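Take a look at the structure set out below.
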Amino acid sequence: MANNGALPLLYRSKPGEWGAPPLSSNSDVRTDCLQYRKYEEGTFTGNLKSLMDYTEQMKEMVTFYVGCSYSFERAILEAGVPIRNVEQGCNVSMYKTNIACTRVGGFQCNMVVSMRPIPVEKLDAIVQITHPVEDAHGAPIHIGHPGLIGIDDLSTPDFGDAVDAHPGDVPVFWGCGVTGAEAVCSIKSPLAFTHAPGCMFLTDLRSEEKLADGCVSSVETPQVFCISQNPPHYSVASRSAVEKITALDRLIQQDPGDRGIEHLLIEDQLLKVCLSLSHAKSVLITTGFPTHFNHQPPEETDGPPGAIAMAAMLQALKKSIAIVTDQRALELNKKIVEEAVEQGLMKAAVPVVSYQDVGEDSPLLFLCHEGKPQFPRFDHLVAIERAGMAADGNYYNARQVNIKHLVDPIDKLFLAAENIPGIVTTGIGDGGNELGMGKVKEAVKKYIHNGDLIACDVSADFTVVAGVSNWAGYAVACGLHILNNCAIHERYLRKATGFPEASETDRYTSALPTVLKVRGTRTSKQIRSTSNYFIEHA
């Protein structure tokens with residue numbers, strides 16, 4: 001059913017039917033709610049204690065009975081998860097959002113959500129408890145900053161009461177049946193009624209039975225991960241999807257050059273990058289490590305193939321993509337993209353641009369519309385095998401050769417992004433001198449040959465370390481494919497509105513990297529490499 005997250009339909013009555021036989025043996029919708037709201041021509045015109053005076057008009061009406069999140073609150077409490085509005089003796093907070101529900105007939109409105117502040121350490125529990133109970137809105141549709149779904153101020157709910165959060169609580173949002181009232185307003189019916197928020201119709205069904213019926217296998221158990229700190233944002237995926245991406249991570253962590261990268265690894269970075277990119281709308285990718293400084297072109301093969309693989313999958317997922325590179329390598333990278341399209345590696349060309357550092361405001365002007373941090377052009381920056389600035393301001397290859405004269409300061413975009421809410425950054429590398437590896441620079445200095453000098457000093461929110469950087473680019477593409485074929489993640493992405501797009505699977509699959517695709521990208525424009533590709537490092 002469309003919009004099942006907000007409006008899980010339990011029963012639709014016949015015209016003039018006051019009872020709801022599947023839900024209750026002796027009910028009367030005209031009297032069984034504590035309070036009703038009356039709408040005329042789509043406008044709220046008052047509260048009512050009973051609908052008995054409208055019996056004649058209601059003979060031509062049908063009633064839609066929708067599940068409510070109150071049904072799972074007992075299970076939440078029994079699991080040791082606090083419910084702040086229950087503790088504070090008030091109604092749950094409800095808010096209008098910017099989430100558009102799928103149009104059905106003449107009904108069109110944005111979703112209303114309920115919000116419960118949940119301790120961060122209880123997020124997994126709250127999602128796992130509510131996920132099976134689809135008749136009561138199911139799992140949350142958003143976890144994190146309210147502004148991401150169009151809510152300006154949690155202290156002023158549109159319905160219900162304001163609820164005080166405790167330190168360490170995270171706002172968790174579920175679809176809410178009050179969305180039905182918004183739908184009623186949209187249709188502008190001459191006369192309609194809804195229950196008042198918090199004044200529910202009680203059924204004979206036991207929520208415990210529904211919870212038992214909804215039990216799912218452990219592989220489909222949802223898990224929660226933080227994908228952004230500024231603003232706070234969490235995502236959800238099934239345990240089976242998480243395990244597959246974790247297995248990919250282990251594969252790319254093999255160290256063919258025996259350089260000691262095991263000391264640079266941080267848990268779950270590949271997974272979180274994939275989750276964050278899955279939510280992104282606009283992604284900027286950068287690559288290029290001119291390690292062969294005495295040749296033309298000086299680029300190596302590690303980096304561009306991984307960048308193309310990520311761009312192809314992101315493009316298949318309908319993200320906006322751009323590539324930024326050095327001015328001296330602009331035409332080379334444009335040609336790589338053109339040939340990738342010609343060879344069928346990508347569906348269409350993406351913009352390839354350079355960054356001109358001409359003043360203090362250059363990074364903001366590049367990253368944000370009119371240089372305003374509240375209007376970023378991109379929500380994720382990805383550097384893959386991109387030369388990274390060391391602590392002394394220079395750029396070094398693994399042999400300690402300074403290649404600064406060949407590298408534009410794209411690092412400044414990553415530094416500026418640290419102070420722009422809504423932009424997440426990722427660094428992918430294999431030796432510690434790549435952009436974004438500043439997050440592990442102390443380990444690079446301690447364990448990587450020449451690390452004291454070559455270590456990149458610029459951090460990223462997520463740092464993916466692989467035996468070869470291209471491997472990580474391929475793993476990101478595969479991880480995105482896994483997530484977008486995960487029903488739990490897919491529902492969370494679309495906020496439980498509309499329907500899963502089964503036809504999309506073929507498009508995602510065709511964008512996956514293959515051996516032939518990788519070879520095609522590597523041979524493009526005669527980018528240099530050594531005889532053993534997999535041990536070629538910057």
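Remember, it's a predicted structure, so these values are computed and weren't measured experimentally.
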### Task
Show the numbers, then the answer: is there a side chain to side chain donor-acceptor pair (under 3.5 Å) between Ser235 and His279?
CA-CA 8 Å; Ser235 189; His279 284 267; 2.7 Å; yes
### Criterion salt bridge (charged side-chain N to carboxylate O under 4.0 Å, His left out) on Asp430 and Arg259, from CA distance to verdict
CA-CA 9 Å; Asp430 55 23; Arg259 298 206 291 176; 2.9 Å; yes
### Message
Is there a side chain to side chain donor-acceptor pair (under 3.5 Å) between Thr97 and Asn110? Walk through the geometry before answering.
### Response
CA-CA 6 Å; Thr97 72; Asn110 284 358; 5.7 Å; no
### Message
Apply salt bridge (charged side-chain N to carboxylate O under 4.0 Å, His left out) to residues Glu243 and Arg239 and explain how you reach the verdict.
### Response
CA-CA 6 Å; Glu243 289 174 350; Arg239 181 174 297 167; 5.1 Å; no
### Task
Would you check, one step at a time, whether the test side chain to side chain donor-acceptor pair (under 3.5 Å) holds for Arg116 with Ser93?
CA-CA 7 Å; Arg116 294 167 179 82; Ser93 304; over 6 Å; no
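Remark: Cys199 engages Leu34, Gln35, Ala196 in a side-chain contact (heavy atoms from CB on, under 4.5 Å) (not counting sequence neighbours). For Asp169, the salt bridge (charged side-chain N to carboxylate O under 4.0 Å, His left out) partners are Arg84, not counting sequence neighbours. Partners of His166 according to the ring pair (Phe, Tyr, Trp, His ring centres under 6.0 Å) rule, which considers only residues two or more places apart in sequence or in another chain, do not exist here. Checked against side-chain contact (heavy atoms from CB on, under 4.5 Å), Tyr11 has the following partners two or more places apart in sequence or in another chain: Ser13, Lys14, Glu17, Ala20, Pro21, Pro22, Leu23, Tyr65. Every side chain to side chain donor-acceptor pair (under 3.5 Å) that Asp457 has, sequence neighbours left out, goes to Lys441. In this structure, Phe414 has no ring pair (Phe, Tyr, Trp, His ring centres under 6.0 Å) partners at least two apart in sequence or on a different chain. For Glu490, the side-chain contact (heavy atoms from CB on, under 4.5 Å) criterion is met by Arg494, Pro500, not counting sequence neighbours. By the side-chain contact (heavy atoms from CB on, under 4.5 Å) test, Asn419 is found to be paired with no residue, residues two or more places apart in sequence or in another chain being considered. In terms of the salt bridge (charged side-chain N to carboxylate O under 4.0 Å, His left out) criterion, Glu262 has no residue partners (sequence neighbours excluded).
With Gln108 contributing its side chain and Cys101 its backbone, the two residues share a donor-acceptor pair below 3.5 Å. A donor-acceptor contact shorter than 3.5 Å is absent between the side chain of Glu134 and the backbone of His131. Checking side-chain atoms of Trp174 against main-chain N and O of Gly138 turns up a donor-acceptor pair under 3.5 Å. Here the side chain of Asp161 pairs a donor or acceptor atom with the backbone of Asn91 at under 3.5 angstrom. At least one donor-acceptor pair under 3.5 Å links the side chain of Thr425 to the backbone N or O of Asp461. Under the 3.5 Å distance criterion, the side-chain polar atoms of Gln254 are matched with a main-chain donor or acceptor of Leu251.
Taking the centre of each ring, His369 and Phe375 stay at or above the 6.0 Å mark.
Among pairs with a residue in residues 142-165, those fulfilling ring-ring contact (aromatic ring centres under 6.0 Å, His included) read His142-Phe173, His142-His233, at least two apart in sequence or across chains.
Residues Val476 and Leu314 fail the side-chain proximity criterion, which asks for heavy atoms closer than 4.5 Å. Taking the side chain as every heavy atom from C-beta outward, Asn484 and Ser278 approach each other to under 4.5 Å. Within the 4.5 Å cutoff, side-chain heavy atoms of Leu9 are placed close to those of Phe64. Taking the side chain as every heavy atom from C-beta outward, Cys456 and Glu434 never approach each other to under 4.5 Å. Leu248 places a side-chain heavy atom less than 4.5 Å from the side chain of Ile482.
By the 6.0 Å contact criterion, CD on Glu370 is open, its count of non-hydrogen atoms from other residues, nucleotides or ligands being 12 or less.
A side-chain donor from one of Asp302 and Asn470 sits under 3.5 Å from a side-chain acceptor of the other. Tyr395 and Asn433 share no donor-acceptor pair across their side chains, judged by distance under 3.5 Å alone. Side-chain contact, Thr509 with His481: a donor N or O sits under 3.5 Å from an acceptor N or O.
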Report all side-chain donor-acceptor pairs from residues 266-273 shorter than 3.5 Å, counting only partners two or more places apart or in another chain.
residue	atom	partner	partner atom	Å
Gln269	OE1	Lys439	NZ	3.4
Gln269	OE1	Thr463	N	2.8

Only pairs under 3.5 Å count here: list side-chain donor-acceptor contacts from residues 376-383, not counting sequence neighbours, and write none if there are none.
residue	atom	partner	partner atom	Å
Arg377	NH1	Leu365	O	2.6
Arg377	NH1	Phe366	O	3.1
Arg377	NH1	Cys368	O	2.9
Asp379	OD1	Lys281	N	3.2
Asp379	OD1	Ser282	N	3.0
Asp379	OD2	Lys281	N	3.0
His380	ND1	Ser276	OG	3.2
His380	NE2	Thr426	OG1	2.8

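When all heavy atoms are compared, the tightest approach of Ser469 to Ile428 is O-CG2, 3.8 Å. Closest of all the heavy-atom pairs between Ala475 and Ile252 is CB-CG2, 3.9 Å.
Salt-bridge annotation for Glu78 and Arg74: present, with a side-chain N of the basic residue lying under 4.0 Å from a carboxylate O of the acidic one.
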